[in-house]
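Here is the naming used below: chain letters follow the sequence lines, and residue numbers restart at 1 for every chain. What you see below is based on every heavy atom in this structure, not just the backbone, and it leaves out hydrogens, waters and symmetry mates.
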Number of protein chains: 2
Amino acid sequence: MLKDEICETVGSEIDFSVMADAVGYALRRAQLYVYQDFIETFAAEGIRPPDFAVLMVLSRNPGLKQSEVAEALGIQRANFVAIIDGLEGRKLAERRKSETDRRVQCLFITKAGLAYLDELKPIWKSHEDRVVARLGGPQARDQLVQLLGRLYD
Amino acid sequence: MLKDEICETVGSEIDFSVMADAVGYALRRAQLYVYQDFIETFAAEGIRPPDFAVLMVLSRNPGLKQSEVAEALGIQRANFVAIIDGLEGRKLAERRKSETDRRVQCLFITKAGLAYLDELKPIWKSHEDRVVARLGGPQARDQLVQLLGRLYD
DNA sequence: TATTGTTATACTCTATAACTATA
DNA sequence: TATAGTTATAGAGTATAACAATA
């Protein structure tokens, strides 16, 4: 039977052109690779991408409202709570109730958090360098980041 | 106290440049947007991105081994089972045991699946058109897909 | 009434290990 | 023994609704 013969074809012969222009598909595959590399690079530190992003933002913006940081990073406030709980539990960041509005929590990176971030930065750079090398250099990186920005800005 | 004053700054003043060159971050944000748009576009159909991708691949490649399709799409075979279960339950695709190797399942899109796929294609195009418009045109899309391909090929 | 943070919850996606039936 | 498919399970990521405290 013809169809069962086709069944024995090897993977390299798959006509995959149907997905060639699907932006969403390419995004998923690329993101999977980059996130995987990030996780592996930071495995020993127990730092996940959101943790690193929060520490980076807080190091430059002390005292932001919790919901501001969450929104800036595209994370829902409900899911942001556990992230801050984790960083606070490790004494890398802390919440302080605002003096003027008792509802809001102001976020700060601690001294220990800043010192730790200085350790993380070279690790992050090794990850980023690997990604940029795969892309073909800093220029390709800039181009990619610029295109991606159009999708979510 | 100075730090509590800073706490009252508004989001538009956040120094977010720290994440400006992070490829992984930009990828996550962009993918979130595109997937969200896909889900909303196909909400009435109950079709998720992997379902669509599988139907597209099977329409061009009848009789592929289940594990071949899974690998081509970057999905682990264990997680691929439920996807095929769903498509088979809806009579859009079917498994047939290979005649020559009783271990392998050959995958086929059904006639109903092909007809359904023809209905889905214009819906998918409306989604893709929206994404491409946001990117700035087909040329930007090609550029983006090409860059993303370097990361996972 | 509206907003901030929080809790609870559910669903999807991804990863790993172990089982089965075949080879 | 190795492989294809399957099952079970666990861990993240994301989304929504509802609540308490405060405005």
Side-chain angles (χ1 to χ4, degrees), chain A residues 7-8 10-11 24-25 27-29 31-40 42-43 46-54 64-71 73-86 88 93-107 152, chain B residues 7-8 10-11 24-25 27-29 31-40 42-43 46-54 63-86 88 93-107 152:
Chain A
C7 183
E8 305 307 324
V10 291
Y25 174 76
L27 273 173
R28 170 179 159 269
R29 297 296 300 263
Q31 207 233 5
L32 210 58
Y33 160 76
V34 174
Y35 258 48
Q36 203 56 37
D37 188 275
F38 186 105
I39 300 296
E40 284 165 22
F42 282 87
I47 285 283
R48 323 261 318 158
D51 300 323
F52 183 74
V54 169
L64 286 178
K65 286 165 62 179
Q66 188 169 312
S67 51
E68 280 179 334
V69 181
E71 206 207 334
L73 292 173
I75 300 169
Q76 305 216 14
R77 63 185 185 178
N79 299 323
F80 199 59
V81 174
I83 294 168
I84 301 303
D85 284 351
E88 201 168 31
E94 61 181 34
R95 295 170 166 100
R96 291 186 213 155
K97 268 209 153 38
S98 166
E99 308 266 322
T100 56
D101 185 338
R102 304 294 295 167
R103 292 173 303 181
V104 327
Q105 298 274 23
C106 305
L107 299 184
Y152 67 86
Chain B
C7 184
E8 307 306 325
V10 291
Y25 174 76
L27 272 173
R28 171 181 158 268
R29 297 297 301 262
Q31 208 233 1
L32 210 56
Y33 160 75
V34 173
Y35 259 47
Q36 203 57 37
D37 189 276
F38 186 104
I39 301 296
E40 285 164 19
F42 282 87
I47 285 283
R48 322 265 314 163
D51 300 324
F52 183 75
V54 170
L64 285 178
K65 285 166 61 179
Q66 188 170 314
S67 50
E68 280 179 334
V69 181
E71 206 207 333
L73 293 173
I75 300 170
Q76 305 213 15
R77 62 187 185 171
N79 299 324
F80 198 59
V81 174
I83 294 168
I84 301 303
D85 284 350
E88 202 168 31
E94 60 181 34
R95 295 170 165 103
R96 293 186 213 156
K97 269 208 152 43
S98 165
E99 307 265 323
T100 57
D101 185 338
R102 303 294 295 166
R103 291 173 304 183
V104 327
Q105 298 275 23
C106 304
L107 299 184
Y152 68 86

Task: Value in whole Å for how far the C1' atom of dT16(D) lies from CZ of Phe80(A) - done: 19 Å
Open item on the list: Are Gln66(B) and Arg77(B) packed together at the side-chain level, in the sense that at least one heavy-atom pair is separated by less than 4.5 angstrom?
Closed with: no
Task: Partner residues of Asp37(B) under the salt bridge (Lys or Arg N to Asp or Glu O under 4.0 Å) criterion, sequence neighbours left out - done: Arg130(B)
TODO: Check whether any side-chain heavy atom of Phe80(A) lies under 4.5 Å from a side-chain heavy atom of Val69(A), and answer yes or no.
DONE: yes
Open item on the list: Ring-plane angle category for Tyr25(A) and Tyr152(B), please: parallel below 30°, perpendicular beyond 60°, tilted otherwise.
Closed with: perpendicular
Task: Spacing of Lys65(A) atom NZ relative to dT6(C) atom C1', expressed in whole Å - done: 16 Å
Task: Smallest separation among heavy atoms of Gly46(A) and Asp51(A), with atom names - done: O-OD2, 4.2 Å
Open item on the list: Please enumerate all residues that pass salt bridge (Lys or Arg N to Asp or Glu O under 4.0 Å) together with Glu88(B), with sequence neighbours excluded.
Closed with: Arg95(B)
Task: For the student: nearest non-hydrogen atoms of Pro49(A) and Ile39(A), plus distance - done: CD-CD1, 3.7 Å
Open item on the list: Looking at Gln76(B), I'd like to know whether one of its side-chain N or O atoms comes within less than 4.0 Å of OP1 or OP2 on dC13(C).
Closed with: no
TODO: With heavy atoms under 4.0 Å as the rule, sort Glu71(B) into base, sugar-phosphate or nothing.
DONE: nothing
Task: Gln31(B) side chain near dG13(D) phosphate (N/O to OP1/OP2, under 4.0 Å) - done: no
- [ ] Kindly assign one of parallel, tilted or perpendicular to the pair Tyr35(B) and Phe38(B), based on the angle between their ring planes and the thresholds 30° and 60°.
- [x] tilted
Task: Sugar-phosphate only, base, or nothing, as touched by Ile75(A) at under 4.0 Å among non-hydrogen atoms - done: nothing
Open item on the list: If the cut-off is 4.0 Å, is Gln36(A) near the phosphate of dT14(C), judged by side-chain N/O to OP1 or OP2?
Closed with: no
Pull out every protein N or O sitting under 3.5 Å from an N or O of nucleotides 10-12 of chain D, one pair per line with the distance.
from: dA12(D); atom 1: O3'; to: Arg48(A); atom 2: NH2; distance (Å): 2.9

For nucleotides 19-23 of chain C, which of its nitrogen or oxygen atoms have a protein nitrogen or oxygen under 3.5 Å away, and what is each distance?
from: dA23(C); atom 1: OP1; to: Arg102(B); atom 2: N; distance (Å): 3.0

- [ ] Measure the distance from OH on Tyr35(A) to C1' on dT14(D) and round it to the nearest whole Å.
- [x] 12 Å
TODO: Could you say whether Val81(A) or Pro49(B) is positioned toward the 5' end of DNA chain C, judged by the nucleotide with the nearest heavy atom to each?
DONE: Val81(A)
Task: Qualifying residues under side chain to side chain contact (heavy atoms under 4.5 Å, CB included), relative to Ala72(B), sequence neighbours excluded - done: Ile14(A), Phe16(A)
Task: Flag side-chain contact, heavy atom, 4.5 Å: Gln105(B) against Lys97(B) - done: yes
TODO: Take the C1' atoms of the five end pairs on each side of the helix from dT1(C)-dA23(D) to dA23(C)-dT1(D), get both axes, and report the angle to 10 degrees.
DONE: 10°
Task: Residue pair Arg29(A) / Tyr33(A), side-chain donor-acceptor N/O under 3.5 Å - done: no
